[in-house]
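Being a predicted model, the structure only gives us computed values, none of them experimental.
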Amino acid sequence: MENFTPVSATLGGMLIGLSAVLLMGLHGRIAGISGLFSGTVFAGTGDRLWRLFFVVGLVGAPLIYLIATNHMPAFDLQAGWPIVVAGGLLVGFGTRLGSGCTSGHGVCGLSRLSARSLVAVIIFMGAGMATVTAVRLLTGGTPS
């Protein structure tokens, strides 16, 4: 968390909110990333292109940042790739099981005052806190 600043967090949140508003306003779509991503694979052909552009934008944003600043922020990945892949698969399975992810429920659903999204976000956040605490306690770290 060395690169975290309130300014960068605020700007990032504003950009996420702006992209969600633009997608809703211009296309009438919810910016739930898990649904967008799975739709690039499973959606009908007429609904795939805009999803693909959105996903390409997500993946391409770090490249734009690199070109603009000539450096990438350093981060310390403390888990090995098997843990990262397993975690990604579990998150993907969980978002499909919960019919949405933090971006769909947390950003778009809460802004539309959806009770279902409020419950989903409470469960996401509680499960995340419990998981971090359990992992840190089991691995000898301290919960923070």
Next item on the list: Output every pair passing salt bridge (Lys or Arg N to Asp or Glu O under 4.0 Å) with a member in residues 61-73, not counting sequence neighbours, ordered by first then second residue.
Entry: none
Notebook entry, point to check: Can you tell me if CE on Met72 sees more than 12 non-hydrogen neighbours from other groups inside 6.0 Å?
Noted result: yes
Check: Roughly how far, to the nearest 0.5 Å, is the CG atom of Leu58 from the CD1 atom of Ile33?
Finding: 5.0 Å
Next item on the list: Check the hydrophobic clustering (I, L, V, M, F, W, Y; side-chain heavy atoms under 4.5 Å; chains of links allowed) and say if Leu18 and Leu26 are grouped together.
Entry: yes
Note to self: Can you list everything that forms a side-chain contact (heavy atoms from CB on, under 4.5 Å) with Val135? Sequence neighbours excluded, please.
What the structure shows: Thr131, Thr139
Item checked: Side chain proximity check, Thr102 to Val121, heavy atoms < 4.5 angstrom -> no
Check: Do the side chain of Arg48 and the main chain of Val41 share a donor and acceptor less than 3.5 angstrom apart?
Finding: yes
Note to self: Is there a continuous path of hydrophobic side-chain contacts, each under 4.5 Å between heavy atoms, that joins Ile122 to Val132?
What the structure shows: no
Check: With sequence neighbours left out, which residue pairs that include part of residues 20-34 fulfil the side-chain hydrogen bond (donor to acceptor under 3.5 Å, both in side chains) condition?
Finding: Arg29-Asp47
Checklist line | Pair listing, side-chain hydrogen bond (donor to acceptor under 3.5 Å, both in side chains) test, anchored in residues 105-116, at least two apart | finding: His105-Ser117, Ser114-Ser117
Margin query: Measuring only between side-chain heavy atoms, which start at C-beta, is Thr40 closer than 4.5 Å to Phe54?
Written below: no
Margin query: Running the 4.5 Å side-chain criterion over Ile, Leu, Val, Met, Phe, Trp and Tyr, what cluster does Val7 land in, apart from itself?
Written below: Leu11
Next item on the list: Please say whether more than 12 non-hydrogen atoms of neighbouring residues, nucleotides or ligands are located less than 6.0 Å from CD1 in Ile83.
Entry: no
Margin query: Using a 3.5 Å distance criterion without hydrogens, assess whether the side chain of Ser38 forms a donor-acceptor pair with backbone atoms of Gly35.
Written below: yes
Next item on the list: Could you pull out the closest heavy-atom pair between Pro62 and Val59, with the gap in Å?
Entry: CD-O, 3.1 Å
Check: Shared ILVMFWY cluster between Leu118 and Met125, side chains joined below 4.5 angstrom?
Finding: yes
Item checked: Qualifying salt bridge (Lys or Arg N to Asp or Glu O under 4.0 Å) pairs with a residue from residues 85-104, counting only residues at least two apart or across chains -> none
Next item on the list: Report yes if some heavy atom in the side chain of His71 is under 4.5 Å from a heavy atom in the side chain of Tyr65; otherwise report no.
Entry: yes
Margin query: To the nearest 0.5 Å, what is the distance between OG1 on Thr10 and CG on Leu15?
Written below: 11.0 Å
Margin query: How close do Cys108 and Ile30 get, counting heavy atoms only, and between which atoms?
Written below: CB-CG2, 3.6 Å
